[in-house]
Amino acid sequence: MGVSEYLGLMPATVTVEAWTGQDGYGEATYAAGRSHRARIEIGTRGLKETEIRELKARGRVFLATTAPPSVKDRLTLPSPYDPPQPPILDVRPVEDEGGIHHCVIIIG
């Protein structure tokens with residue numbers, strides 16, 4: 001599958017803001033957001049029962065990036081997804097013969 005065909009499977013755009021630390025009040029701080037092509041799947045289809053039970057997963061986001069985000073980062077989904085900023089429960093880089101190809105983010 002070519003790159004353009006692969007990206008055709010990712011019709012959404014999401015934003016990832018890298019966690020940078022905490023402010024003086026203990027609130028998380030983030031860097032400027034970066035947009036990524038993505039495929040958003042809400043529901044438990046494709047998730048293992050242990051993921052649903054242990055992580056309380058409600059979906060997954062396939063992210064077109066070779067730089068995996070952290071579970072501390074903030075993910076923003078496009079409208080009409082609710083909540084628009086679900087917690088990142090797990091990040092799974094997917095590799096091919098050339099290294100990291102894309103990431104799968106498990107969301108709560």
Side-chain angles (χ1 to χ4, degrees):
M1 177 182 294
V3 173
S4 62
E5 293 167 315
Y6 178 74
L7 291 176
L9 298 173
M10 298 187 163
T13 300
V14 300
T15 303
V16 177
E17 297 165 88
W19 182 83
T20 58
Q22 295 178 321
D23 65 14
Y25 299 101
E27 296 293 321
T29 57
Y30 300 94
R34 296 190 61 182
S35 296
H36 299 279
R37 296 277 298 266
R39 176 176 193 83
I40 302 166
E41 294 182 350
I42 300 299
T44 57
R45 191 179 120 226
L47 293 170
K48 296 176 187 161
E49 186 173 332
T50 55
E51 293 171 329
I52 297 165
R53 184 175 59 251
E54 293 173 14
L55 299 175
K56 295 185 176 38
R58 61 182 283 273
R60 58 189 176 173
V61 177
F62 295 82
L63 194 66
T65 185
T66 57
S70 160
V71 295
K72 290 183 175 184
D73 293 349
R74 181 165 54 193
L75 174 71
T76 302
L77 305 177
S79 181
Y81 291 99
D82 188 34
Q85 294 179 326
I88 297 174
L89 302 177
D90 197 12
V91 177
R92 299 176 180 167
V94 178
E95 296 185 20
D96 63 10
E97 62 278 353
I100 295 175
H101 182 268
H102 67 279
C103 297
V104 178
I105 299 174
I106 308 299
I107 58 172

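Owing to the predicted nature of the structure, the values given are computational and were not obtained by experimental measurement. Hydrogens, waters and symmetry mates play no part in the numbers below; they use all other heavy atoms, side chains included.
- Within the 3.5 Å criterion, the main-chain N or O of G21 finds a donor-acceptor partner in the side chain of T29.
- The structure places NE2 of H36 at 8.0 Å from OG1 of T15, a figure rounded to the nearest 0.5 Å.
- Looking only at side-chain heavy atoms (C-beta outward), V14 and P78 come within less than 4.5 Å of each other.
- Annotation: the span from R92 atom CZ to R60 atom CZ amounts to 9.5 Å, rounded to 0.5 Å.
- Grouping the Ile, Leu, Val, Met, Phe, Trp and Tyr side chains by contacts below 4.5 angstrom, directly or via other members, places V71 apart from W19.
- The heavy-atom pair separating P83 from L77 by the smallest distance is O-CD1, 4.1 Å.
- With rounding to the nearest 0.5 Å, the separation of NE2 in H101 from CD in E95 is 11.5 Å.
- Inter-residue side-chain proximity for I42 and I107 is flagged as met; some heavy-atom pair is nearer than 4.5 Å.
- Separating the CD atom in E41 from the CD1 atom in I106 is a distance of 9.5 Å, to the nearest 0.5 Å.
- Here the closest non-hydrogen pair linking L9 and R39 is O-NH1, 3.0 Å.
- For the residue pair G108 and R58, the shortest heavy atom distance occurs at O-CD, 2.8 Å.
- Side chains of P69 and L63 form a contact here, defined as non-hydrogen atoms less than 4.5 Å apart.
- Between R34 and V16, the closest side-chain pair of non-hydrogen atoms is not below 4.5 Å.
- Shown here for D73 and I88, the closest heavy-atom pair between the two residues is O-CD1, 3.5 Å.
- Here the shortest heavy-atom pairing between E17 and A31 reads CB-O, 3.6 Å.
- Minimum interatomic distance between Y30 and K72 (heavy atoms only, all atoms of both residues): CE2-O, 3.5 Å.
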